[in-house]
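Beneath this line is the structure, given in structure tokens, with notes to follow.
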Number of protein chains: 2
Amino acid sequence: MALSREKILDTAFSVLNQYGLADLSMRRLATELNVAPGSLYYHIRNKQELLASLASRMLSAVHCTGDTEAISLYNGTQELYTQIISIPEGAEVIRLALALHPEDLPFLCKLAELFAHQRDDISGMVAAKSLIHLCLSLIEEEQTTAVLEARETMLTPPSSYQTSIQALIHGWLSTECS
Amino acid sequence: MALSREKILDTAFSVLNQYGLADLSMRRLATELNVAPGSLYYHIRNKQELLASLASRMLSAVHCTGDTEAISLYNGTQELYTQIISIPEGAEVIRLALALHPEDLPFLCKLAELFAHQRDDISGMVAAKSLIHLCLSLIEEEQTTAVLEARETMLTPPSSYQTSIQALIHGWLSTECS
DNA sequence: ACCTGAACACCGTTCAAGT
DNA sequence: ACCTGAACACCGTTCAAGT
């Protein structure tokens with residue numbers, strides 16, 4: 001069967017899941033696909049683009065809904081945690097995409113909308129970015145400390161995650177801080 | 001003159017400042033020091049340890065003082081920005097050290113103290129980590145977008161940095177969120 | 001259009017052997 | 001004690017040449 005962008009992304013995702021980001025090299029990917037390293041470059045521009053596409057995939061399954069804006073924001077961060085925590089270095093990969101093309105991430109735009117809808121005197125995008133950055137940092141920390149302590153990651157958000165996120169959302173939505 | 005840990009760190013810092021993290025390789029460092037690559041390993045365990053030491057150096061110049069706890073926290077984040085923003089990939093380097101040995105960073109412990117002193121019903125360390133993570137993410141974003149847009153970094157914190165940090169500090173210190 | 005082979009210019013780390 | 005030389009096992013990317 002012929003090589004394709006989709007096949008490359010599928011394999012990349014499986015290598016990331018099974019062996020981690022350190023093992024996700026173009027050459028390793030080519031070996032896994034029984035193909036010469038150069039072949040990959042007919043379908044993708046470079047490694048950075050591949051990782052950005054991988055990040056979009058990961059985030060496509062994360063939604064944020066709830067009865068109120070504040071609850072939707074909170075639920076979004078909870079879903080983000082549960083979706084990403086079990087993917088090795090998943091938070092790091094998403095941070096790459098976030099730096100390169102933030103506007104291409106529907107999840108981020110949804111967060112920005114929720115913030116802007118609740119308070120029109122702040123920039124929804126600035127608030128949304130601060131929130132996703134905080135989430136990713138905390139997820140990354142849980143992932144790396146789990147590796148260091150040679151234990152499994154917590155599949156459900158620890159209380160430190162929840163309180164930190166709540167502090168930030170509360171800080172953005174409370175009227176006194178304007 | 002003989003090689004030494006100090007000399008290696010000095011050179012590493014200068015390479016990072018002049019050429020960025022991508023050029024800060026052990027081999028490049030060895031060339032710069034007119035020494036064989038293997039020699040470095042007599043003075044430092046590995047590249048990770050070198051980067052962690054570099055991070056400690058960067059943070060050693062950052063203090064947080066002010067009339068109140070809230071102002072000290074705020075001033076600390078401002079100083080963090082101004083000290084790190086002009087070091088290419090500086091935020092990324094510090095994040096490495098933060099993941100490996102957080103308790104070795106006096107700056108972080110100071111932040112934790114300030115939070116704990118103000119509110120004894122929260123974990124100062126959890127709050128401090130959320131704050132430093134947010135700062136580093138925002139600094140990193142400013143650094144990478146500056147590169148992407150081929151412009152200089154803002155030497156003084158942009159308003160988006162300040163409002164985000166203020167939202168988080170306010171969220172942690174306000175009594176309603178407990 | 002799609003893929004290979006081979007090259008280019010690199011990595012981090014180890015370790016016997018030298019001084 | 002400190003350093004070299006050389007090796008080991010890798011990288012990302014390009015590109016003429018093949019089918």
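Keep in mind that what you see is a predicted model, and the values were worked out from it rather than measured. Here is how names work: the chains are called A, B, and so on, in the same order as the sequence lines, proteins then strands, and each is numbered from 1.
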Whole angstrom is fine here: how far is it from [atom1] in [X] over to [atom2] in [N]?
X: A/Arg5; N: C/dC2; atom1: CZ; atom2: P; answer: 14 Å
X: B/Met26; N: D/dA6; atom1: CE; atom2: C1'; answer: 18 Å
X: A/Leu33; N: C/dC2; atom1: CG; atom2: P; answer: 16 Å
X: A/Arg45; N: D/dG12; atom1: CZ; atom2: P; answer: 18 Å
X: B/Arg27; N: D/dT4; atom1: CZ; atom2: P; answer: 14 Å
X: B/Leu50; N: C/dT13; atom1: CG; atom2: C1'; answer: 14 Å
X: B/Leu40; N: C/dT14; atom1: CG; atom2: C1'; answer: 13 Å
X: A/Leu24; N: D/dC10; atom1: CG; atom2: C1'; answer: 15 Å

Is the closest side-chain heavy-atom distance between A/Ile165 and A/Tyr81 below 4.5 Å?
-> no

Rounded to the nearest 0.5 Å, how far does CG of A/Leu16 lie from CE of A/Met58?
-> 5.0 Å

Any idea which of [options] is nearest the [X] side chain?
X: A/Ser25; options: D/dG12, C/dC11, D/dT4; answer: D/dG12
X: A/Ala36; options: D/dG5, C/dT13, C/dT4; answer: C/dT4
X: A/Ala2; options: C/dC3, C/dG12, D/dT13; answer: C/dC3
X: A/Val35; options: C/dG12, C/dC3, D/dT13; answer: C/dC3
X: A/Tyr42; options: C/dC2, D/dC11, D/dC3; answer: C/dC2

Below 4.0 Å: OP1/OP2 of D/dT13 and any side-chain N or O of A/Tyr41 = yes

N or O in side chain of A/His43 less than 4.0 angstrom from C/dC3 OP1/OP2 | yes

Sugar-phosphate only, base, or nothing, as touched by B/Ser39 at under 4.0 Å among non-hydrogen atoms = base

Comparing nearest nucleotides in DNA chain D, the 5'-proximal residue of the pair A/Lys47, B/Ser4 is B/Ser4

DNA chain D: 5'-proximal contact among A/Arg28 and A/Gly38 (nearest heavy atom) = A/Arg28

Expressed in whole Å, how much space separates the P atoms belonging to C/dA9 and D/dC10?
-> 23 Å

D/dG5: pairing nucleotide in any strand, Watson-Crick or G-U under 3.5 angstrom = C/dC15

Can a donor-acceptor pair be found between the side chains of B/Tyr74 and B/Gln162 at a distance below 3.5 Å?
-> yes

With a cut-off of under 6.0 Å to the ring centre and 45° to the axis, is A/Arg28 in cation-pi contact with A/Tyr19?
-> yes

B/Ile84 to B/Gln143 - nearest heavy-atom pair and separation = O-NE2, 3.2 Å

